[in-house]
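Let me give you the structure first, and then I'll get to my questions.
Just so it is clear: chains get the letters A, B, ... in the order the sequence lines come, proteins before strands, and each one is counted from 1. Only heavy atoms go into these numbers, but all of them, side chains included; no hydrogens, no water, no symmetry mates. Keep in mind the model is a prediction, meaning the values are calculated, not measured.
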Protein chains: 2
Amino acid sequence: MRILLVEDDRMLGDGLQAGLTQAGYAVDWLRDGEAAVSALSTESFAAVVLDLGLPKRDGLSVLQWLRGRHDATPVLILTARDQLEDKVRGLDLGADDYVLKPFDLDEIAARLRALVRRAHGRPEPVLTAGEIELNPAARSVTRAGQAVELTPREFDLLHLLLENTDRVLTRRTLEEQLYTWNEAVDSNALEVHIHHLRRKLGNDLIRTVRGVGYMVPAGTTP
Amino acid sequence: MRILLVEDDRMLGDGLQAGLTQAGYAVDWLRDGEAAVSALSTESFAAVVLDLGLPKRDGLSVLQWLRGRHDATPVLILTARDQLEDKVRGLDLGADDYVLKPFDLDEIAARLRALVRRAHGRPEPVLTAGEIELNPAARSVTRAGQAVELTPREFDLLHLLLENTDRVLTRRTLEEQLYTWNEAVDSNALEVHIHHLRRKLGNDLIRTVRGVGYMVPAGTTP
DNA sequence: CCGTCTCTTAAGGTGCCCCTAAGCTGACGC
DNA sequence: GCGTCAGCTTAGGGGCACCTTAAGAGACGG
């Protein structure tokens with residue numbers, strides 16, 4: 001289990017590295033924010049232990065950058081007790097947990113374990129097509145990383161299409177799935193929803209197969 | 001099971017000692033902070049019941065000293081209702097639980113039991129979402145560092161939601177978890193509790209997913 | 001036994017979503 | 001090039017899910 005430790009204080013860093021190594025982690029120790037960003041952009045870690053006061057690039061900035069590229073690597077923040085403001089801002093920026101100075105090594109190890117378990121334990125299945133991503137658990141959709149708001153019907157319809165990429169779904173099939181039982185619609189409601197989806201997600205995503213139905217091509221944008 | 005009681009009030013201390021002894025604990029009762037530090041540095045206890053207003057050395061100071069030497073002995077803090085600030089600081093300093101004056105002996109005994117049990121395993125991590133923090137052990141919630149009082153139902157509901165951030169929980173799921181199979185409520189009780197939570201914690205925390213249920217987004221507020 | 005706190009129930013209001021419908025556009029066949 | 005048809009686009013009204021509020025039932029402690 002490889003983790004990244006970012007801490008500029010020599011004494012603290014040394015102690016943390018020793019302790020975390022003892023706890024069974026493979027620890028990479030860097031001293032400034034820029035090095036951290038560089039490492040995080042090329043390598044993968046099970047978690048990051050991040051001090052806030054860093055040379056060259058602040059810890060919060062590193063965190064923000066990390067989350068900005070949709071990297072969900074668990075981040076444990078080290079902060080002084082009197083800097084509650086930083087703590088709150090860190091959590092807002094997407095930190096997973098924090099530990100106050102002075103540190104308890106056991107506590108840090110325990111929290112790391114919890115973080116890794118939480119992050120690793122449930123990989124949420126995500127459906128993708130081109131730049132579109134759909135997360136069924138969160139009922140959320142993103143386009144090129146940007147969140148897109150869909151209504152329930154729109155979401156269900158897109159969900160169906162993404163579960164059957166590269167396969168044409170007939171209008172009949174779609175309506176049967178969307179409208180349970182007997183509330184069959186006798187209008188062009190389906191077309192309207194397709195239209196709304198295209199407005200929000202781009203015209204290239206859903207292809208019309210004339211006389212049959214609709215299809216979403218798999219893989220990258222065709 | 002030996003525990004340390006630190007309380008300067010004669011009446012209170014006497015009552016607590018009697019009650020806790022009755023509950024099956026071996027109780028050492030000390031009257032001031034310095035004596036407590038002295039005892040804690042040489043002896044081992046299954047838990048500490050700590051009043052905050054103490055002669056010679058303040059309770060919080062004792063707690064800080066204890067945690068400073070990486071002693072993970074469970075600490076239950078006794079505090080007056082109007083000193084919420086102390087409570088929050090105590091939890092930040094590593095207290096495991098707190099009880100408000102006036103005390104209920106049964107409650108204290110129960111919490112002690114829970115503390116000791118948990119000490120053998122691992123403390124539950126704090127759940128966070130945005131500026132909200134929930135401490136399952138203490139059953140406490142803070143918003144931007146400020147303590148927020150929740151009723152039991154409200155707390156349980158929030159707990160469920162925070163354990164599943166970024167995942168939509170259906171109304172059905174929530175009701176099944178909140179109300180043990182004996183009785184499913186056939187009203188909008190859930191909606192009312194959601195409403196109350198929003199009043200206390202802000203409207204942005206809990207998102208309605210129409211036709212499905214509720215969800216609290218992890219990390220920053222979208 | 002009374003006051004307080006909490007939870008449920010119920011009613012009324014509201015905003016959003018979804019269907020409908022009707023006109024429009026582009027494709028295909030002749 | 002024109003007719004026809006499938007699908008596209010737009011707008012509006014109605015319904016329903018959810019919100020909000022208030023009050024009574026129940027639990028608990030004094």
Exercise for the section: Describe the nucleic acid contact of A/R210 in one word from base, sugar-phosphate, nothing, applying a heavy-atom distance below 4.0 Å. Expected result: base
Problem - Pair B/R143 + B/E133: basic N to acidic O under 4.0 Å - result: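 Salt bridge: no.
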Practice task
Please figure out whether A/G213 or B/N203 has its closest DNA chain D nucleotide nearer the 5' end.
Solution key: A/G213
Exercise for the section: Check every atom of D/dC18, D/dC8, C/dC18 against the side chain of A/R198 and return the nucleotide holding the closest atom. Expected result: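 Closest nucleotide among those given: D/dC8.
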Exercise for the section: Give the rounded distance in Å between these two atoms: CG of B/D156 and C1' of C/dC7. Expected result: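 After rounding, the gap between these two atoms is 13 Å.
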Practice task
Count the heavy atoms belonging to other residues, nucleotides or ligands that lie under 6.0 Å from CZ of B/R172, then report whether that count exceeds 12.
Solution key: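 Counting neighbours around CZ of B/R172, 12 or fewer heavy atoms of other residues, nucleotides or ligands fall under 6.0 Å, so no.
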Practice task
Look at the side-chain N and O atoms of B/Y214 and state whether any lies under 4.0 Å from the OP1 or OP2 oxygen of D/dA17.
Solution key: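 Indeed not, no polar side-chain atom of B/Y214 lies that close.
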Practice task
Examine C/dC5: is either OP1 or OP2 under 4.0 Å from a nitrogen or oxygen in the side chain of B/T151? Give yes or no.
Solution key: no
Practice task
Respond yes when some side-chain nitrogen or oxygen of A/H196 is under 4.0 Å from OP1 or OP2 of D/dT9, and no when none is.
Solution key: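 No, because none of the side-chain N or O atoms of A/H196 sits under 4.0 Å from OP1 or OP2 of D/dT9.
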Handout entry: Charged N-O contact under 4.0 Å between A/K200 and A/E149
Key = no
Problem - Distance in angstrom units between A/L197 CG and D/dG7 P, rounded - result: 17 Å
Practice task
Give a yes or no on whether a salt bridge exists between B/E191 and B/R171, defined as a side-chain N under 4.0 angstrom from a carboxylate O.
Solution key: yes
Practice task
Remember a base hit wins even if backbone is also touched, and classify A/F155 as base, sugar-phosphate or nothing at under 4.0 Å, heavy atoms.
Solution key: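 Counting heavy atoms under 4.0 Å across all strands, no contact is made by A/F155.
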Practice task
Would you kindly compare B/E191 and B/L150 by the position of their nearest DNA chain C nucleotide and give the one closer to the 5′ end?
Solution key: B/L150
Handout entry: Short side-chain N/O contact to C/dC19 OP1/OP2 from A/R153, under 4.0 Å
Key = yes
Exercise for the section: Taking only the side-chain heavy atoms of A/N188 (C-beta and beyond), determine which of C/dT20, C/dT8, C/dC19 contains the nearest atom. Expected result: C/dT20
Exercise for the section: Round to a whole Å and report the spacing from NE2 of A/H195 to C1' of C/dC17. Expected result: 15 Å
Problem - Length of the CZ-P vector between A/R207 and C/dA27, whole Å - result: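 In whole Å, C/dA27 P lies 15 Å from A/R207 CZ.
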Practice task
To the nearest Å, give me how far apart CD1 (A/I206) and P (D/dG7) are.
Solution key: 14 Å
Handout entry: Nearest listed nucleotide, side chain of B/H193, among D/dT9, C/dT8, D/dC8
Key = C/dT8
Practice task
Identify which nucleotide among D/dC8, C/dT9, D/dT9 has an atom closest to any side-chain atom of A/T208, counting heavy atoms from C-beta outward.
Solution key: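 For A/T208, the side-chain atoms sit closest to D/dC8.
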Exercise for the section: Please report, rounded to the nearest Å, how far the C1' atom of D/dC18 is from the CZ atom of B/R171. Expected result: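 That distance rounds to 7 Å.
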Problem - A/S140 versus B/R207, side-chain donor and acceptor atoms under 3.5 Å - result: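 No, A/S140 and B/R207 have no side-chain donor paired with an acceptor closer than 3.5 Å.
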Completion exercise
By nearest-nucleotide position on DNA chain D, the 5'-leaning member of B/G211 and B/R199 is B/G211
Exercise for the section: Measure the distance from CD on B/E154 to P on C/dC7 and round it to the nearest whole Å. Expected result: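 From B/E154 CD to C/dC7 P: 6 Å.
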